[in-house]
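To start, the structure under review is shown below, and the notes come after it.
Letters A, B, ... mirror the listed sequences (proteins, then strands); counts begin at 1.
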Amino acid sequence: MKKKNLLYLSSFALILLGYQNCGQSLLTKDGGSQDSSSQASSGYQEEFKISSPVALLSYEQVFKSMASVTGVPLNNGAVNNEFNQRSGLFAANFDVKNVNSPMLMGIANLASVFCNQMLNTEASAQDANRKFFNGVNFNAGVNSYSQSLYESSLNKMALSFWGRSPSSVELNNLNAGRTEFLADYTTAEINNSASTRNLALYACTAMLSSSDSYTF
Amino acid sequence: MQYEQYRHWSLICFVVYVLGESMSKYNYILLATVLISQSYTSAAHAQVLDASQVEAKKLLERISSVKVPIDNPLVTQMAARVRMGDRKGAAELATTHPEFLNTTVKQMALKMSTREETMRLNLNDFAAAFIGVTRDNRDARELLTGNFYYMGDATKIPAGVTVRSALKEDILDSNNHYDDLGKREIDIGAVLMRVNGQSVLDGQKNVFPNPEPAGVITLRAFMNAHAVAGTNRRPIEYTFREFMCVPMDQMADTSVTDVRIARDIDRFPGGDHLKFLTTCKGCHTQMDSFRGAFAHWDVNGNSPTNSLVGSVSGNFDGTTKVSRKLNANGNVFPGGYQYRDNTFFNNSRAPANANLFGWRGDVASVQTGTTAFATQIANSTRFSQCMVKRIYDSVCRANVNTKTHLDMLKQLAGEFEANGYNIKKMYESIAISSNCQAQ
C-alpha cells in the first residue's frame, strides 16, 4: 500500500475517532442511565467543576497509560526512544487548554510505536495467548483478515484502550478505513503478509491515539 | 463547548491543509466533505457495561494517574467492593497500584520541590521522601520536622540495573542516585528504604550529620533550588508557598514590626520612604523575621552545606558562622538588622495572618534554627489545609481556590489530622468523595 495513503487513513481515523463519544452516556445493566454529572450531590459541585469536563494525562502518564493498555513493557527500547524524542510535545499538567496539534501528532507517533511493539508480541504468540488479534493470520495476506475478525480486534482494543466497546459510529468509521485501505492495494500487495500487519497497525494506532486514550 | 468546537475546527482545517497539499483535487474535496460531515456526528450509542467495573476503573485511574484495561485484575477486585457499597475498600485497593506512588504522589511532590514548580523533573530526594512517607503511612508533618531521607534498597533493585548509591558522590553532591532510581525497570515505591539521620557536607566536602534537620526542606533538591545564591529569603518564601499554599504577597503585612528587616533593604527606595512603608516592608517583615532560621545554610557547588559542622568555607563569617549573604550589601541601610546567629521570630501573628495560618504551639518566643522553623509550619492548621488542597488537586485534576473554598479545605484538613496526617488515607477519602467524582 502506498505509504501516503496509510498516513491519510491513519490521520483520518485519528480525527474522526477523536470526536466520537462526545456525548457518551453509559447504560448500566439495570437499564438506568449513568451520567457523570448526575453523581455529585454536594453544594460545592458547581464551583469545583473545572472549565472542561475532561483533563489531560501528563507526558509521563500518556507513556505509562499506553504501556498499561497495550501490555508493552515500560522498559521497551523502541517506545522509550520515541518517548524521549516526543515527550517535550506532551502536556506538563492536566489542563485541557494544553491540547495542540504538535501534541496530537506526537501522541499519534508514540501510539504507532507502541502498536508496532504490541504487534510484534501478538504476531509471534500462540493464538490462544493473544490479547487482541485472536484468529488473525499474520503470515497471510489481508484478505484472510475478514471483517468479523477485524471487528473482533477492534472490540478487544477498545475495551483495553478506552474501557468500553466501540460505538456503531466508531465501528463504521474504522470499517470505512479498512475498505479504503483494501481498495488501494494491488493484487500483489493484497497477497503479501505485510498488508495484514499494516491494517492491524492502522487500527491500533488510530484507536490508541484517540482522545479517550489521553484524557481522563 | 465553545473551546471544544474551536479546537475541533482548527484541527480539521490543519489536517485538511496538510493532507490537501499532497492529494488530488477530487480526494481533497472528498476528505474535507467527510471530515466536515463527521463533525456533526451524533453522540455515540450507549454501551451496556457493568457500572461497578466502570466506576472501579475510573477510581483506579484517578488514584494511579494511569489508564488501565477494563479487565485489569485490580479493577475486578475493586468492582466487587463497589457492588457491596464499600467504596472506601475499593479506594484502598487502588492505592496498592504501583503507579499511585510512582506517578501520582511523585508528580505532586516534584512540583513542590523546585522553583519551576514543574513535574518535568527526574526523581529527587524530596519526591523520594514524599513517596516513602506516603507508602509507610507516616505522619505527613515529618516531611518538615523529620530527620531522615529515603533511598533505594540495593537488595531490591532488579538484577542488571545499576543504581549509584555512594552517600557523598551520588546523594549529597549530585542527584545520581535518584536519577538512576527513576529508570523504567524500577518500581520506586517498592525499593525505597528509610534512612534515619540526614547528612550534610561541610566546606571541605566531608560528610557530617545534619545539625538542623527539617525534613524535605533540608534535603538537597529543595536547598539547592532555594538556598543557592540570593540572600536565603527564598527558602522562607517557598516553604510558605509549597507547604502553606500562601504566596508571599498574600502574607505581606506592613502593620508589624520591621526590627528584623536587614541592612540590604533600602528604606528610601527612589528617595521615597512611603514606598518602603507601604510596599517593601510588607513582605520583608515576614521573610526577614524568619530568615535567621537559615543563617547557617548555603549551597557550595552542587550541595547544601551547614556551617555548624565541620570546617567553614569562605561563604560563612569565620566568627559567627552566619552565611555572608545574609549580611550582604550592609551599606544600603546600616541601621538595619544584622544577623549574628540563627535566631528567628514569627512575625506572622498579627490578626490577619494569625487567622490565615492558624498557628499552634509556641510561636511567640524567639527560636533558633531550621528545625524549629519547620516545626512551626508543620503544626499550623494551614499546613493541613494546604496538604489536602494538593492531594485534592492531584487526584481530582482540579485547582481548588484556597480563598473561596476555605470551608471545604478546613473540613478536609480536620479529617486529615484526625487520621494522623496520613497522606494515603486522604487520597482514598478524597477520590471517592462526591465532589471529586463530579469532575
Side-chain angles (χ1 to χ4, degrees), chain A residues 4 8 11-12 15-16 18-29 33-34 36-37 39-42 44-45 47-53 55 57-61 64-66 68-69 74-75 80 92-94 96-97 99 101 104 159-161 163-165 167-170 173 213 216, chain B residues 3-4 7-8 10-12 14-15 18-19 22-23 27 31 34-35 38-39 41-51 53-54 57-58 61-62 65-72 99 102-103 107 118-120 183-185 396-401 404-405 408 433-439:
Chain A
K4 67 175 181 179
Y8 299 157
S11 301
F12 173 68
I15 304 304
L16 292 178
Y19 296 98
Q20 302 309 314
N21 200 39
C22 290
Q24 184 193 37
S25 65
L26 302 171
L27 280 180
T28 59
K29 275 189 173 171
S33 178
Q34 175 188 344
S36 62
S37 66
Q39 289 178 13
S41 57
S42 165
Y44 289 115
Q45 178 199 349
E47 293 175 284
F48 279 150
K49 272 185 180 170
I50 52 178
S51 58
S52 171
L57 275 71
S58 69
Y59 71 109
E60 188 179 5
Q61 292 165 354
K64 289 185 172 179
S65 295
M66 288 190 178
S68 170
V69 300
L74 279 174
N75 62 349
N80 271 280
N93 56 47
F94 312 130
V96 74
K97 292 193 287 291
V99 171
S101 302
L104 297 178
L159 277 175
S160 189
F161 301 172
R164 59 176 175 84
S165 297
S167 68
S168 54
V169 173
E170 288 161 339
N173 289 336
S213 299
F216 284 114
Chain B
Y3 175 77
E4 287 195 11
R7 176 177 66 124
H8 186 138
S10 65
L11 196 50
I12 287 178
F14 172 75
V15 172
V18 169
L19 297 184
S22 308
M23 297 174 82
N27 286 342
L31 176 63
V34 172
L35 282 174
Q38 288 297 325
S39 73
T41 300
S42 60
H45 292 184
Q47 301 297 318
V48 177
L49 288 173
D50 182 325
Q53 266 193 306
V54 173
K57 178 180 182 305
K58 186 177 177 184
E61 289 176 350
R62 276 195 185 279
S65 302
V66 170
K67 293 277 190 179
V68 295
I70 194 77
D71 60 352
N72 182 292
E99 295 307 328
N102 295 343
T103 301
Q107 289 187 341
T118 176
M119 58 178 82
R120 283 191 189 276
K183 289 177 182 172
R184 301 265 183 247
E185 299 90 339
C396 306
R397 325 288 182 235
N399 185 11
V400 175
N401 186 307
T404 58
H405 300 109
M408 190 207 74
S433 69
S434 57
N435 290 336
C436 194
Q437 291 289 316
Q439 293 179 183

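Counting heavy atoms from C-beta on, the side chains of A:Ser58 and B:Gln107 come closer than 4.5 Å. At a threshold of 4.5 Å between non-hydrogen side-chain atoms, the residues A:Arg164 and B:Ile70 do not count as touching. Looking at A:Gln61 and B:Ser65, their side chains come closer than 4.5 Å, going by heavy atoms from C-beta outward.
Minimum interatomic distance between A:Val69 and B:Val68 (heavy atoms only, all atoms of both residues): CG1-C, 4.1 Å. Of all non-hydrogen atoms in A:Gly163 and B:Lys57, the two that sit nearest each other are CA-CE, 3.3 Å. Contact detail for A:Asn80 and B:Arg184: the closest heavy-atom pair is OD1-NE, 2.9 Å.
A cation-pi arrangement is present between B:Arg120 and A:Tyr59 under the rule of less than 6.0 angstrom and at most 45 degrees off the ring axis.
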Residue pair B:Arg397, A:Phe216: steps toward the side chain to side chain contact (heavy atoms under 4.5 Å, CB included) verdict:
CA-CA 9 Å; B:Arg397 325 288 182 235; A:Phe216 284 114; 3.2 Å; yes
Would A:Glu60 and B:Met119 count as a side chain to side chain contact (heavy atoms under 4.5 Å, CB included) if you check the C-alpha gap in whole Å, the side-chain angles of each, and the deciding distance to 0.1 Å?
CA-CA 9 Å; A:Glu60 188 179 5; B:Met119 58 178 82; over 6 Å; no
Please assess B:Asn102 against A:Lys64 for the test side chain to side chain contact (heavy atoms under 4.5 Å, CB included), listing each intermediate value before the final yes or no.
CA-CA 11 Å; B:Asn102 295 343; A:Lys64 289 185 172 179; 4.1 Å; yes
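Atoms CG and CD, from A:Leu74 and B:Glu185 in turn, are 9.0 Å apart once rounded to the nearest 0.5 Å. Here A:Ser68 contributes atom OG and B:Glu61 contributes atom CD; the two are 8.0 Å apart, rounded to the nearest 0.5 Å.
Neither the backbone nor the side chain of B:Gln53 comes within contact range of chain A; no heavy atom of the residue lies under 4.5 Å from a heavy atom of that chain.
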